[in-house]
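Reading through the structure tokens given below for one structure.
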Amino acid sequence: MCLSVPDIDANTVRKIILIITALFFSATTHSEDSICYGTTSNGKLEGGVKLPSEGRNFVSYSSIAETFGRTYVHSKVKEIVVTSYKRLENEMPEKVYKYAETGFKNGGQFKPHKTHRNGLSVDFMVPVMNESGESVHLPTNFSNKLGYSIEFNESGEYKGYKIDYEALSAHIAALHKVAKEKGVGLWRVIFDPKLQPNFLRTKYGAYLQNHIQFSKKNLG
């Protein structure tokens, strides 16, 4: 899958708390797979594939961004992401999800990100609930820089939306389980450290604590 274990640049973590970034790795590669070179912050991708625009319980963050080729990943990462969403249909049927930036078909520099260069980085918008407690998609448009300018407060709230930690924890756990089944590692999850204790209050808390490496980088 990849010719070297990805690394993370010290400057990649930004003060944005609605994004959770999953970084994958594997020591194996197969002829039918994409091939990644280098690291997440200094690499490229061969044979990248596009994530689907939508499914029964998920959508991409922007059809325009898709048109500009910003939703490509390594083929194995696509399998993991899509399979995880499929499992969540049964596990959390009332929840909806949205993914964000991934990378270009051939990898390489991916502004404004410092990483996302070899097909192994995926940004996910945090799942949210509205004021009625319903699972809804967080709006992503050009007025909020496709969601990247949004910042929740310390209570996980923003303009009538509240982070759904149960749905988010289920998603991370699903990504890890599917990745492991496919012989791939979920290397690191980047999320605001100040909000990470909220994961432990969900029914997936023990699993995440035992299996997931969360970035401890202070987001400010």
Side-chain angles (χ1 to χ4, degrees), residues 1-9 11-14 16 19-88 97-125 140 145-148 171-172 174-191 213 215:
M1 176 180 171
C2 187
L3 300 188
S4 70
V5 176
D7 193 8
I8 184 167
D9 187 292
N11 297 316
T12 62
V13 181
R14 296 172 297 156
I16 296 176
I19 300 297
I20 185 162
T21 302
L23 300 162
F24 300 87
F25 73 87
S26 173
T28 61
T29 184
H30 305 284
S31 59
E32 68 272 17
D33 287 342
S34 307
I35 301 176
C36 60
Y37 300 86
T39 67
T40 56
S41 58
N42 184 23
K44 62 180 182 179
L45 178 65
E46 182 179 306
V49 294
K50 183 179 179 296
L51 287 176
S53 300
E54 60 182 344
R56 292 183 61 183
N57 62 344
F58 73 91
V59 296
S60 81
Y61 71 128
S62 168
S63 58
I64 295 176
E66 289 182 54
T67 301
F68 282 94
R70 298 183 69 84
T71 58
Y72 280 82
V73 293
H74 188 286
S75 56
K76 188 66 69 175
V77 172
K78 178 182 177 180
E79 291 179 25
I80 295 167
V81 171
V82 174
T83 302
S84 298
Y85 282 138
K86 187 68 176 177
R87 293 193 182 180
L88 288 168
Y97 297 88
K98 178 180 285 192
Y99 71 84
E101 304 265 59
T102 59
F104 292 129
K105 186 175 183 178
N106 297 313
Q109 189 175 32
F110 191 65
K111 294 181 178 181
H113 303 274
K114 298 292 185 180
T115 55
H116 292 252
R117 298 191 181 192
N118 67 348
L120 303 183
S121 304
V122 181
D123 284 355
F124 298 96
M125 294 293 173
T140 51
K145 296 184 179 179
L146 300 180
Y148 279 83
H171 190 192
I172 298 171
L175 287 168
H176 179 267
K177 291 175 183 178
V178 175
K180 186 176 180 180
E181 290 170 10
K182 294 184 178 295
V184 179
L186 182 56
W187 174 57
R188 182 175 293 178
V189 172
I190 301 172
F191 191 71
Q213 179 184 355
S215 172

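The chain is numbered in sequence order, starting from 1. Only a predicted model underlies this, so the values are computations on that prediction, with no experimental measurement involved.
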Side chain to side chain contact (heavy atoms under 4.5 Å, CB included) between His171 and Tyr99, intermediate numbers included: CA-CA 11 Å; His171 190 192; Tyr99 71 84; over 6 Å; no
Atom pair CD1/CG of Ile80 and Leu120 - distance to nearest 0.5 Å: 9.0 Å
Counterpart residues, side-chain hydrogen bond (donor to acceptor under 3.5 Å, both in side chains), relative to [X] (two or more places apart):
{"X": "Lys98", "value": "Thr140"}
{"X": "Thr83", "value": "none"}
{"X": "Ser62", "value": "none"}
{"X": "Gln213", "value": "none"}

Any pair counted as salt bridge (Lys or Arg N to Asp or Glu O under 4.0 Å), so long as it reaches residues 64-73, sequence neighbours left out: Lys50-Glu66, Arg70-Glu101
Side chain to side chain contact (heavy atoms under 4.5 Å, CB included) assessment of Val81 paired with Val73: CA-CA 10 Å; Val81 171; Val73 293; over 6 Å; no
Can you name the closest pair of heavy atoms from [X] and [Y] and give their distance?
{"X": "Val49", "Y": "Ser75", "answer": "CG2-CA, 3.5 Å"}
{"X": "Ala179", "Y": "Leu186", "answer": "CB-N, 4.5 Å"}
{"X": "Ile172", "Y": "Val189", "answer": "CG2-CG2, 4.3 Å"}
{"X": "Met125", "Y": "Gly147", "answer": "CE-CA, 4.0 Å"}
{"X": "Lys44", "Y": "Asn106", "answer": "CB-O, 3.7 Å"}
{"X": "Thr40", "Y": "Ser121", "answer": "CG2-OG, 3.7 Å"}

By ring pair (Phe, Tyr, Trp, His ring centres under 6.0 Å) - contacts of Tyr72 (at least two apart): none
Ring pair (Phe, Tyr, Trp, His ring centres under 6.0 Å) involving Phe104 - partner list, sequence neighbours excluded: Phe110
Arg188 vs Ser215, side chain to side chain contact (heavy atoms under 4.5 Å, CB included): CA-CA, chis, key distance, verdict: CA-CA 7 Å; Arg188 182 175 293 178; Ser215 172; 4.0 Å; yes
Partners meeting side-chain contact (heavy atoms from CB on, under 4.5 Å) with Asn42 (sequence neighbours left out): Thr39
Contacts of Glu46 that satisfy side-chain contact (heavy atoms from CB on, under 4.5 Å) - sequence neighbours left out: Ile35, Tyr37
Contacts of Lys86 that satisfy salt bridge (charged side-chain N to carboxylate O under 4.0 Å, His left out) - sequence neighbours left out: Glu89
Steps toward side chain to side chain contact (heavy atoms under 4.5 Å, CB included) verdict (Tyr97, Phe124): CA-CA 8 Å; Tyr97 297 88; Phe124 298 96; over 6 Å; no
Donor-acceptor contact below 3.5 Å, side chain His74 vs main chain Ser34: yes
Lys177 atom NZ, over 12 foreign heavy atoms within 6.0 Å: yes
Pair Asp123, Tyr61: side-chain N/O donor-acceptor within cut-off below 3.5 Å: no
